[in-house]
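Both ligands and their constituent atoms are indexed starting at 1 by order of listing. Since we're looking at a predicted model, the values are computed, not measured.
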Amino acid sequence: MKRHLDTRLVHGPADGHSEPSGAVVGPVHLSSSWRMGSDPDRPLRYQRLGNAPDQLDLEARIADLCGGERALLFASGMAAISSTLLAILQAGDALLVSRTLYGGTQALLDRDLARFGVRHQAVDATRPEQWAAALTPNCRVFYVEALSNPLLEVPELEAVVAFCRAHGLRSVIDATFATPLGLRPLDLGFDVELHSATKAMAGHSDLIAGVAIGQDEVLAPISSERDRLGGHLDPLSAFLLGRGLKTLSLRFGRQSANALALARALEGHPALVEVCHPGLPRHPSHLRAQRLIPQSGGMLALRCHSGAQAEAALAALRIALSAPSLGGVETLVSRPVATSHAGLDEAAQRALGLDPGLLRVSCGIEDADDLIADFRQALDAASALDGLHA
Ligand SMILES: Cc1ncc(COP(=O)(O)O)c(C=O)c1O
């Protein structure tokens, strides 16, 4: 009988314990190369070629976790994204993308892929009726994110897969915000599932990593692209990622519960115009999220009346830290117009629903009541500021 996910997260997919020394926790191999023929079962050779034992074992665990034939580890989420797109696309190709992408991905499209003659067309991934008009004969890929940053919009994911199948496109999804526990993109039919493993998969804000998961045939060219570009994950980060994964289920459950509790507790606070969480019935993607990502992880967004109030609230927080990134055990808060979306001009920010008063929150695993109290006192302090409420 196949074991439950929580057991596989701790012990991996295989029966028994494979570490020959008997150590409960396996060693970290810092060797850059291996003696030829040292393992009769697999051709271990050289770290950059992705065939070191620690990484291969971790890739097998992640493939099992996500229901793919194969997983590939990368030195960062961006290394996973860039290697995937460079492996699939040729000069002269085009891709459809969701209009709300992570800034680094947007920069890759605007600055690098465009330079090599690859054009992209942004669409509203929640409106399938608009996609056909954006399609060109040279289109090869539809690229979306599972939950948009920071407003947590959920695309019409089944429709993305159906559209790709109908038009011969590869479907690629960055599921970082949802984590492999919140969403099963490969079960929905996506060709490639990507994660910044820096975030919830590793979970402790202490490493940078990425992963791509899919079927062998789809991942083979991405694997050789990784070998050439050199974006493989180093052994120490692989060790930490493997350790973090063991507790993903516990962390994800707590973070999801904390985010929903915080969202519910802060709705109606006078310092806020809006609380944005897909678990709240008024969220535009609520019904789709209930169907596709019922546990949506630790993210939420809070819209204050002004940038000054948002800054004042940030400064008054005592438990949550003002810092970029997400998915760690500690609650982190950032102002997207000054961090993740600082590269966009004001008109582009507004078109995406971002304004200076918006705060993005990544809930950690702290006690929910303590978090609620911390945010309440910070928002109270912000709304008490003279003249800032207008
Ligand atoms: C949704 C998403 N995808 C990809 C990335 C890039 O990941 P990394 O920083 O590990 O390269 C990030 C980073 O914040 C992200 O939020």
Side-chain angles (χ1 to χ4, degrees), residues 62 66 71-86 97-113 122 125 143-155 157 172-180 182-183 185 190 192-213 222 226 229-234 236-238 240-241 244-245 252 255 259 278 293 296-301 321 323-328 330 332-344 352 354 358 360-363:
I62 294 174
C66 297
L72 299 170
L73 288 167
F74 289 87
S76 67
M78 281 314 300
I81 294 166
S82 54
S83 299
T84 298
L85 292 179
L86 285 167
V97 300
S98 150
R99 67 193 175 109
T100 52
L101 291 181
Y102 167 63
T105 308
Q106 191 64 52
L108 174 76
L109 296 170
D110 292 341
R111 296 192 196 165
D112 300 294
L113 292 178
Y143 185 101
V144 295
E145 291 179 3
L147 282 159
S148 76
N149 175 16
L151 297 179
L152 308 171
E153 222 173 61
V154 180
L157 297 175
V172 181
I173 182 165
D174 176 341
T176 300
F177 274 39
T179 89
L183 180 71
F190 274 89
V192 185
E193 171 180 350
L194 298 168
H195 292 269
S196 166
T198 311
K199 310 298 190 306
M201 287 179 78
H204 294 73
S205 309
D206 53 7
L207 64 93
I208 300 286
V211 63
I213 314 103
I222 303 172
R226 178 185 62 173
L229 294 178
H232 198 267
L233 188 63
D234 71 276
L236 286 175
S237 297
L240 288 173
L241 172 56
L245 268 183
F252 179 71
Q255 286 170 322
I293 319 181
S296 62
M299 305 303 292
L300 71 151
L321 305 171
S325 201
L326 58 122
E330 57 290 289
L332 299 180
V333 188
S334 62
R335 218 156 61 87
V337 297
T339 53
S340 56
H341 294 74
L344 300 179
L352 296 179
L354 312 180
L358 196 69
R360 184 185 84 176
V361 183
S362 166
C363 285

Identify the protein atoms, limited to N or O, that lie within less than 3.5 Å of an N or O atom of ligand 1, and list each pair with its distance to 0.1 Å.
residue	atom	partner	partner atom	Å
ligand 1	3 (N)	D174	OD2	2.6
ligand 1	7 (O)	S196	OG	3.0
ligand 1	10 (O)	G77	N	2.9
ligand 1	10 (O)	S196	OG	2.8
ligand 1	10 (O)	T198	OG1	2.6
ligand 1	11 (O)	G77	N	3.1
ligand 1	11 (O)	M78	N	2.9
ligand 1	14 (O)	K199	NZ	2.9

Quiz item: Checking S148 side chain against E153 main chain: does a donor-acceptor pair fall under 3.5 Å?
Solution: yes
Self-check item: Any donor-acceptor N/O pair, R360 side chain to L332 backbone, under 3.5 Å
Solution: no
Quiz prompt | side-chain contact (heavy atoms from CB on, under 4.5 Å) evaluation trace for L147 with S296 | solution = CA-CA 8 Å; L147 282 159; S296 62; 4.3 Å; yes
Practice problem: Evaluate the side-chain proximity of I293 to F177: yes if any heavy-atom separation is below 4.5 Å, no if none is. | Solution: no
Quiz item: Can you find a pair of side-chain heavy atoms, one from N149 and one from H341, that are under 4.5 Å apart?
Solution: yes
Practice problem: Quick one: closest heavy-atom pair of A197 and L207, and the distance? | Solution: O-CD1, 4.5 Å
